[in-house]
Undergrad: 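Take a look at this one; I'll ask things after.
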Amino acid sequence: MTLTKLRNIGIAAHIDAGKTTVTERILFYTGVNRRLGEVHDGEATMDFMKQEQERGITIASAAISAEWNNHQVNIIDTPGHVDFTLEVERSLRVIDGMVALFCAVGGVEPQSETVWYQADRYKVPRIAFVNKMDRTGADFFDVVSQMDEYLDANPVPFQVPIGAEDDFLGVIDVIERKAFTFTDDERIEVDIPEEYKEKVEKIRMELVEKLADYNDDIMDLYFDEKDVPSELLHKAAREATLKLLITPVFCGAAYKNKGVQLLLDAVVDYLPSPVDIGAVVGIDVDDPEKSHTRNPSPKDPFSALAFKLINDPYVGQQTFIRIYSGHLKSGMQILNSTKGKYERIGRILKIRAKDREEIKEAGPGDIVALIGMKLTKTGDTLCDPDHKLYLESIHVPPPVIELKILPAKRKDQSKLGEGLQKLVNEDPSFSVRYDEETEETIVAGMGELHLEIIVDRLKEEFKVDVEVGEPAVALRETITSEVETNYKHSKQTGGKGQYAQTVMRLEPNEGEGYEFVNKIKGGVIPNEFIPSVNKGIVKTMDKGVLAGYPVVDVKAVLVDGSFHPVDSSDRAFQTCASIAFKNGFMKANPILLEPVMKIEVNTPDDFIGNVVGDLNKRRGKIESMRRYRKGSQKLTGFVPLMEMFGYATTLRNVSSGRANYSMEFFKYMPLPKAVQDDILKKIEDKKREEKK
């Protein structure tokens, strides 16, 4: 199959917009499935994790291949819950086009906006599908106007629904002027109902006007008041969609099997092939100022990005990669340029959700799973060893919520460690640390549901029963002023001693993370000990200084020091740097930072006062309020995560169960002094208690 006939697409939307149901229908109509699987029965092909089947939601983005109209369509089904936003992020990084799903009743919901802006960041061309046209309150044209108002999507209806709610019968293709109704198995072309003819012509004229802005031939025909042929409209619409100038909008009711075949036609007609996307640009491994392009051609050097790891009980670890150029064969040696290490390719699998098909080779545009990769993690670049480059990695948001976990049986400690390590490999937004003082394992993730799923998976997949503490907010420490710190570490204990001296300047580095700068001149500290200084600082930062929370946003500049030809060692410089950093940190006006979340609340007008009042009590700041739907407001603001435990219950109570909300991480911000003092006092009291 030629590259122009390949489509790598993602299906993304707000939770409950029907993504997995749409995917199931696509698999049915493309012949991958012989029968329809339903989310609510726990039988959806794409939701094959037990946790997904129990909750009726998608957690892990699953990749699957199907065929339609002589085209191969690789589909990545993504989660809608904000706790799994990394799954959406990594899918968007490797797909070429996206189907954005909207509920005909809910319209543009908070997570729809998050996904839309993530797609903007990766410049992914997209089409929209307004699903659930059969539901009470469905309004296709209201969703289109919300897309225009809230997403700046430049939406263009390519279809007109015939009826809505219980009377939703089918759709009219505006370009072709054809109407369709649907049975479970097929679409049936019918005459356009008389009462829709005028509306269809009006919508078609608006589509022509819109496309005339981007195509001179259509502009000429429009001014001459001549009819524009369908072929020309299709061609111009495809070009405008690929350039992100318009978003074609389609509609249907996936659960009732209406409109899905036409959506598949649209995927083939309007979304890009790897050839349309063109070359990817990577950075030279040896010179970051230089860049290299890789065309989607088997003749170019091999390049690929690893975007996901799954621990499969049958075949072990699967590493999912998207190939951008060159070809890959079993047994080949390739370079992981991110790690600077070589990997040998074992088995190559094409995935059809639960099923796997082993293939001998893969080429540009393919999304495949590799078995037997030892070092490769999410975001790593794989390339030809003779043509090295880095591809843009995947943005990983920091974890914001923590849990203490213990194995229920002490003998399961090592099993717990193994399970957690595999889960960390799979999911970069999940982290684990071990507190040696309290002998507790602390896991951190994107939200309460994220960690709940992790605990579930430990029980189900790794057979480890765990006891879980209360969720706690993942605080951070940083400094607010510049300070110079000088420490000499000298120990004599019979035999070889320990000697090191470091002089460093600590500076606030807001939003830039940790930075280490070496300004040593004249060899006052030998080159081999400079990494030891950095290592000593990093270890200290992980454990925290002020209150035991990880340190962020600090620049450490090593300016001077001294060494002893016999007594200086890696360990001596690590210890010295650690103590120097701690001393300086405590003098640099240290503060605690807390995760602040962006929150969106949709509430009927009657409850707006209650909702705002409650958020103000939680130290929230309201940024904007706007019309959501008739009689409803959408409220956007920022609120500390620390104040948001139990919010779902409170919101239900203050709005009689009629408001809903969505939260995502915004950034770390300083804690108010009173709250910080309270936290530090509790930590001191706890330490005193433990000493007794």
Undergrad: Keeping Arg322 on the side-chain end and Ile367 on the backbone end, is there a donor-acceptor pair under 3.5 Å?
TA: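 Absent.
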
Undergrad: Run the numbers on Lys686 and Glu684 for salt bridge (charged side-chain N to carboxylate O under 4.0 Å, His left out), then give the verdict.
TA: CA-CA 5 Å; Lys686 191 180 171 192; Glu684 277 306 310; over 6 Å; no

Undergrad: Looking at Gly513, is its backbone amide N or carbonyl O close enough to the side chain of Asn509 to form a donor-acceptor pair, meaning the two atoms are under 3.5 Å apart?
TA: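 Between the backbone of Gly513 and the side chain of Asn509 there is a qualifying donor-acceptor contact (under 3.5 Å).
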
Undergrad: Mind checking whether Ile537 and Tyr514 have side chains closer than 4.5 Å, heavy atoms only?
TA: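 Side-chain contact under 4.5 Å: yes.
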
Undergrad: Between Lys308 and Asp427, is the salt bridge (charged side-chain N to carboxylate O under 4.0 Å, His left out) condition met? List the steps.
TA: CA-CA 8 Å; Lys308 184 173 176 61; Asp427 182 354; over 6 Å; no

Undergrad: Kindly write out the residues that satisfy side-chain hydrogen bond (donor to acceptor under 3.5 Å, both in side chains) with Lys339, not counting sequence neighbours, or none if the list is empty.
TA: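 In terms of side-chain hydrogen bond (donor to acceptor under 3.5 Å, both in side chains), with neighbours along the sequence ignored, Lys339 is linked to Asp380.
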
Undergrad: Using the salt bridge (charged side-chain N to carboxylate O under 4.0 Å, His left out) rule, collect all pairs that involve residues 584-595, keeping only residues at least two apart or in two chains.
TA: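 Sorted result for residues 584-595: Glu594-Arg619.
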
Undergrad: Within this structure, what is the OH-OG distance for the pair Tyr324 and Ser303, rounded to the nearest 0.5 Å?
TA: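 Tyr324 OH to Ser303 OG: 8.5 Å, rounded to 0.5 Å.
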
Undergrad: Examine distances only and state if a side-chain atom of Asn131 and a backbone atom of Phe102 form a donor-acceptor pair shorter than 3.5 Å.
TA: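 A pair under 3.5 Å: no.
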
Undergrad: Can you tell if the side chain of Met586 reaches within under 4.5 Å of the side chain of Val545, non-hydrogen atoms only?
TA: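 Side-chain contact under 4.5 Å: yes.
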
Undergrad: To check you understand the geometry: which heavy-atom pair defines the closest contact between Met504 and Ala577, and what is its length?
TA: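 So the minimum-distance heavy-atom pair works out to CE-O, 3.8 Å.
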
Undergrad: Does Thr247 reach the side chain of Met147, with side-chain heavy atoms less than 4.5 Å apart?
TA: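 When only atoms from C-beta onward are counted, Met147 and Thr247 do touch, with a gap below 4.5 Å.
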
Undergrad: Do Ile442 and Leu403 touch side chain to side chain, with heavy atoms closer than 4.5 Å?
TA: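 Not touching, per the 4.5 Å side-chain cut-off.
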
Undergrad: Using 0.5 Å steps for rounding, measure from the CG atom of Asn589 to the CD1 atom of Ile479.
TA: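 Rounded to the nearest 0.5 Å, the CG-CD1 separation comes to 9.0 Å.
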
Undergrad: Roughly how far, to the nearest 0.5 Å, is CD1 of Ile321 from CZ of Phe307?
TA: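 Spacing of CZ (Phe307) from CD1 (Ile321) equals 9.0 Å.
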
Undergrad: Exactly one of Leu546, Leu593, Leu475 should register a side-chain contact (heavy atoms from CB on, under 4.5 Å) with Gln676. Which one does?
TA: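 Answer to the side-chain contact (heavy atoms from CB on, under 4.5 Å) test with Gln676 among Leu546, Leu593, Leu475: Leu546.
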
Undergrad: Considering non-hydrogen atoms only, spot the tightest contact between Val601 and Ala659 and give its length.
TA: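 Looking at all heavy atoms of both residues, the shortest contact is CG1-CB, 4.5 Å.
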
Undergrad: May I ask you to decide if the ring planes of Phe666 and Phe638 are parallel, tilted or perpendicular, using 30° and 60° as cut-offs?
TA: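 If you compare the ring of Phe666 with that of Phe638, the planes turn out tilted.
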
Undergrad: Establish, yes or no, whether the cationic atom of Arg121 lies under 6.0 Å from the six-membered ring centre of Tyr117 and within 45° of the ring axis.
TA: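 The answer is no; the distance or angle limit is not met.
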
Undergrad: Quick one: closest heavy-atom pair of Pro399 and Ser429, and the distance?
TA: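 Closest approach of Pro399 to Ser429, heavy atoms only: CB-O, 3.9 Å.
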
Undergrad: What's the verdict on side-chain hydrogen bond (donor to acceptor under 3.5 Å, both in side chains) for Ser578 and Thr540, showing C-alpha distance, side-chain angles and the deciding distance?
TA: CA-CA 6 Å; Ser578 171; Thr540 309; 2.8 Å; yes

Undergrad: Could you pull out all residues at least two apart from Asp606 that satisfy salt bridge (Lys or Arg N to Asp or Glu O under 4.0 Å)?
TA: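 Residues passing salt bridge (Lys or Arg N to Asp or Glu O under 4.0 Å) with Asp606: none at all.
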
Undergrad: On a heavy-atom basis, which atom in Asp96 and which in Val124 lie closest, and how many Å separate them?
TA: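 Nearest heavy atoms, Asp96 then Val124: O-CG1, 3.9 Å.
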
Undergrad: Do we get Arg652 above Tyr647's six-membered ring, with its NZ or CZ under 6.0 Å from the centre and within 45° of the axis?
TA: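 Because its charged atom misses either the 6.0 Å distance or the 45° angle limit, Arg652 does not stack over Tyr647.
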
Undergrad: Please check if any side-chain donor atom of Thr478 sits under 3.5 Å from a side-chain acceptor atom of Asp553, or the reverse.
TA: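 No - no donor-acceptor pair under 3.5 Å links their side chains.
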
Undergrad: Around atom CG of Asn653, are there more than 12 heavy atoms of other residues, nucleotides or ligands at under 6.0 Å?
TA: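 Atom CG in Asn653 is packed in, count exceeds 12.
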
Undergrad: When rounded to the nearest 0.5 angstrom, what is the spacing between CZ in Phe320 and OG1 in Thr376?
TA: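 Here the interatomic distance stands at 14.5 Å.
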
Undergrad: Given Val432 and Thr441, is the side-chain contact (heavy atoms from CB on, under 4.5 Å) satisfied, shown in steps?
TA: CA-CA 7 Å; Val432 177; Thr441 302; 3.8 Å; yes

Undergrad: Less than 4.5 Å apart, side chain to side chain, heavy atoms only: is that true for Leu635 and Tyr661?
TA: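 No, their side chains stay 4.5 Å or more apart.
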
Undergrad: Cut-off 3.5 Å, side chains only: do Arg618 and Thr650 have a donor facing an acceptor?
TA: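 Yes, Thr650 and Arg618 have a side-chain donor paired with an acceptor closer than 3.5 Å.
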
Undergrad: Would you mind checking if Lys682 and Asp678 are paired as a salt bridge, meaning a charged N to carboxylate O distance below 4.0 Å?
TA: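 A salt bridge is present here (some side-chain N lies under 4.0 Å from a carboxylate O).
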
Undergrad: Check the pair Leu451 / Glu402 against side-chain contact (heavy atoms from CB on, under 4.5 Å), numbers first and verdict last.
TA: CA-CA 8 Å; Leu451 294 182; Glu402 294 185 339; 5.8 Å; no

Undergrad: Run the numbers on Ile622 and Leu615 for side-chain contact (heavy atoms from CB on, under 4.5 Å), then give the verdict.
TA: CA-CA 8 Å; Ile622 307 300; Leu615 282 174; 3.8 Å; yes

Undergrad: Within a strict 4.5 Å, meaning less than it, do heavy atoms of the Lys667 and Val596 side chains meet?
TA: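 Lys667 vs Val596: side chains apart.
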
Undergrad: Would you say that Leu592 contacts Tyr668 through its side chain, given a criterion of any heavy-atom pair below 4.5 Å between the two side chains?
TA: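 No. Closest side-chain heavy atoms not under 4.5 Å.
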
Undergrad: Give a yes-or-no answer on whether the side chains of Ser655 and Thr603 include a donor-acceptor pair shorter than 3.5 Å.
TA: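 No, because no side-chain N or O of Ser655 sits under 3.5 Å from a partner of the opposite role on Thr603.
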
Undergrad: Where do Ala547 and Glu477 come nearest, in terms of heavy atoms and distance?
TA: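 Between these two residues, the closest heavy atoms are N-OE2, 2.6 Å.
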
Undergrad: Could you give me the CA-CA distance, side-chain angles and deciding distance for Arg126 and Asp120, then say whether salt bridge (charged side-chain N to carboxylate O under 4.0 Å, His left out) is met?
TA: CA-CA 10 Å; Arg126 63 212 88 147; Asp120 278 345; 2.9 Å; yes

Undergrad: Using side-chain heavy atoms (C-beta onward) and a distance below 4.5 Å, is Leu309 in contact with Gln317?
TA: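 Leu309 vs Gln317: side chains touch.
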
Undergrad: Walk me through whether Lys598 and Phe665 qualify under side-chain contact (heavy atoms from CB on, under 4.5 Å).
TA: CA-CA 6 Å; Lys598 183 179 182 189; Phe665 174 72; over 6 Å; no

Undergrad: Output the distance between atom CG (Leu651) and atom CG (Asn602), rounded to the nearest 0.5 Å.
TA: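 These two atoms lie 9.5 Å from each other.
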
Undergrad: Tell me whether Glu510 at atom CD has more than 12 heavy atoms from other residues, nucleotides or ligands lying less than 6.0 Å away.
TA: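 At most 12 heavy atoms, drawn from other residues, nucleotides or ligands, come within 6.0 Å of this atom.
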
Undergrad: If you round to the nearest 0.5 Å, how far is CZ of Arg457 from CD of Glu461?
TA: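 Spacing of CD (Glu461) from CZ (Arg457) equals 4.0 Å.
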
Undergrad: Can you tell me if Thr381 uses its side chain to pair, donor with acceptor, with the backbone of Leu305 under 3.5 Å?
TA: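 Side chain of Thr381 to backbone of Leu305, a donor-acceptor pair under 3.5 Å: no, none is there.
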
Undergrad: Please report the closest heavy-atom contact between Val654 and Phe607, naming both atoms and the distance.
TA: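 Scanning both residues, the minimum pair turns out to be O-CD2, 3.4 Å.
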
